Amino acid sequence: MASIDAEVVKHALQVARDHGFAEVEIANGEAQFRATLERVSVKQSTLSSTEPESILAGDEIYIRANHVGYYRADGAKLEVGQTIEKGDVVASIAALGLANDLESPVSGVVIEVLAKEGDPVQYGQVLAKVKP
């Protein structure tokens with residue numbers, strides 16, 4: 001049975017995001033992967049290719065999805081009013097059976113959580129807002 005390697009998917013998604021493509025489609029035999037990317041209103045040059053998860057917006061920081069997949073709280077459920085530290089694993093994004101940790105880019109207080117357990121998420125999608 002054919003499969004698609006998770007690293008190939010990550011690379012394809014990063015290349016698509018870097019070059020402004022709206023869709024990614026990968027096939028290997030019967031195995032298929034397809035994603036439609038959400039447009040991000042921030043200039044790509046302001047984002048590091050290894051850290052898509054945060055963007056400063058006034059006095060709040062957005063925690064953004066670092067992969068396409070499904071949001072998982074994994075025991076680190078984000079709640080409004082919760083204090084988090086930079087580097088804390090605040091959730092994971094499950095993609096192709098793999099859980100990819102999502103670390104907080106900043107220390108602060110969670111002011112809004114926009115994703116629920118099991119929600120499908122796009123690369124760069126805002127999952128929570130933090131006030132540093």
Side-chain angles (χ1 to χ4, degrees):
M1 182 169 151
S3 66
I4 300 172
D5 182 56
E7 290 302 315
V8 170
V9 172
K10 283 183 186 179
H11 178 72
L13 292 170
Q14 187 60 51
V15 168
R17 178 62 68 192
D18 289 347
H19 296 283
F21 295 115
E23 294 184 16
V24 173
E25 189 171 335
I26 302 171
N28 183 13
E30 292 181 17
Q32 295 181 353
F33 174 84
R34 183 171 186 190
T36 301
L37 303 177
E38 179 179 276
R39 291 203 178 265
V40 179
S41 63
V42 175
K43 289 182 182 176
Q44 195 63 27
S45 62
T46 64
L47 291 176
S48 161
S49 64
T50 59
E51 286 194 42
E53 64 273 359
S54 68
I55 294 179
L56 186 61
D59 62 345
E60 55 192 40
I61 299 282
Y62 295 164
I63 298 178
R64 294 183 174 269
N66 56 356
H67 292 86
V68 172
Y70 294 92
Y71 178 83
R72 301 282 186 242
D74 290 339
K77 184 177 181 182
L78 285 176
E79 296 178 351
V80 173
Q82 175 184 5
T83 300
I84 57 176
E85 298 296 323
K86 182 176 181 172
D88 284 354
V89 175
V90 295
S92 68
I93 307 297
L96 299 173
L98 301 174
N100 300 283
D101 287 345
L102 179 62
E103 295 180 359
S104 174
V106 66
S107 297
V109 177
V110 177
I111 58 173
E112 188 174 5
V113 179
L114 302 167
K116 294 180 290 217
E117 180 72 24
D119 280 355
V121 296
Q122 297 294 320
Y123 176 88
Q125 178 178 334
V126 177
L127 303 177
K129 297 178 183 179
V130 177
K131 184 170 183 123

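Since we're looking at a predicted model, the values are computed, not measured.
Here the closest heavy-atom approach between residue A65 and residue Q122 is recorded as CB-O, 3.3 Å. Annotation for A35 and V68: closest pair CB-CG1, 4.4 Å, computed over non-hydrogen atoms. Of all heavy-atom pairs spanning S104 and I84, the tightest one is OG-CD1, 3.4 Å. A pairwise comparison of heavy atoms in K116 and Y71 identifies O-CD2, 3.3 Å as the closest pair. When every heavy atom of A99 is checked against every heavy atom of S92, the shortest pair comes out as CB-OG, 4.1 Å. Closest of all the heavy-atom pairs between I4 and L96 is O-CD1, 4.1 Å.
Both V8 and F33 belong to a common hydrophobic cluster when Ile, Leu, Val, Met, Phe, Trp and Tyr are linked at side-chain heavy-atom distances under 4.5 angstrom. Hydrophobic clustering, with ILVMFWY side chains joined whenever heavy atoms are under 4.5 angstrom apart, groups I26 together with L13. Note on V113: it clusters hydrophobically with V121, by side-chain heavy-atom contacts below 4.5 Å among ILVMFWY residues.
Here the side chain of D88 pairs no donor or acceptor atom with the backbone of V90 at under 3.5 angstrom. Of the possible polar contacts, one joining the E117 side chain to the A73 backbone as a donor-acceptor pair under 3.5 Å is found. Between the N66 side chain and the D101 main chain, a donor and an acceptor come within less than 3.5 Å of each other.
Scanning for salt bridge (Lys or Arg N to Asp or Glu O under 4.0 Å) contacts around E23 gives R34, with sequence neighbours left out. With sequence neighbours excluded, no residue forms a salt bridge (Lys or Arg N to Asp or Glu O under 4.0 Å) with K86.
Looking only at side-chain heavy atoms (C-beta outward), H67 and L102 stay at 4.5 Å or farther from each other. Put simply, the side chain of I93 reaches to within 4.5 Å of the side chain of L127, judged on heavy atoms.
Note that CD1 of I61 is 11.0 Å distant from CZ of R64, once rounded to the nearest 0.5 Å. The NZ atom of K10 lies 9.5 Å from the CG atom of D5; values are rounded to the nearest 0.5 Å.
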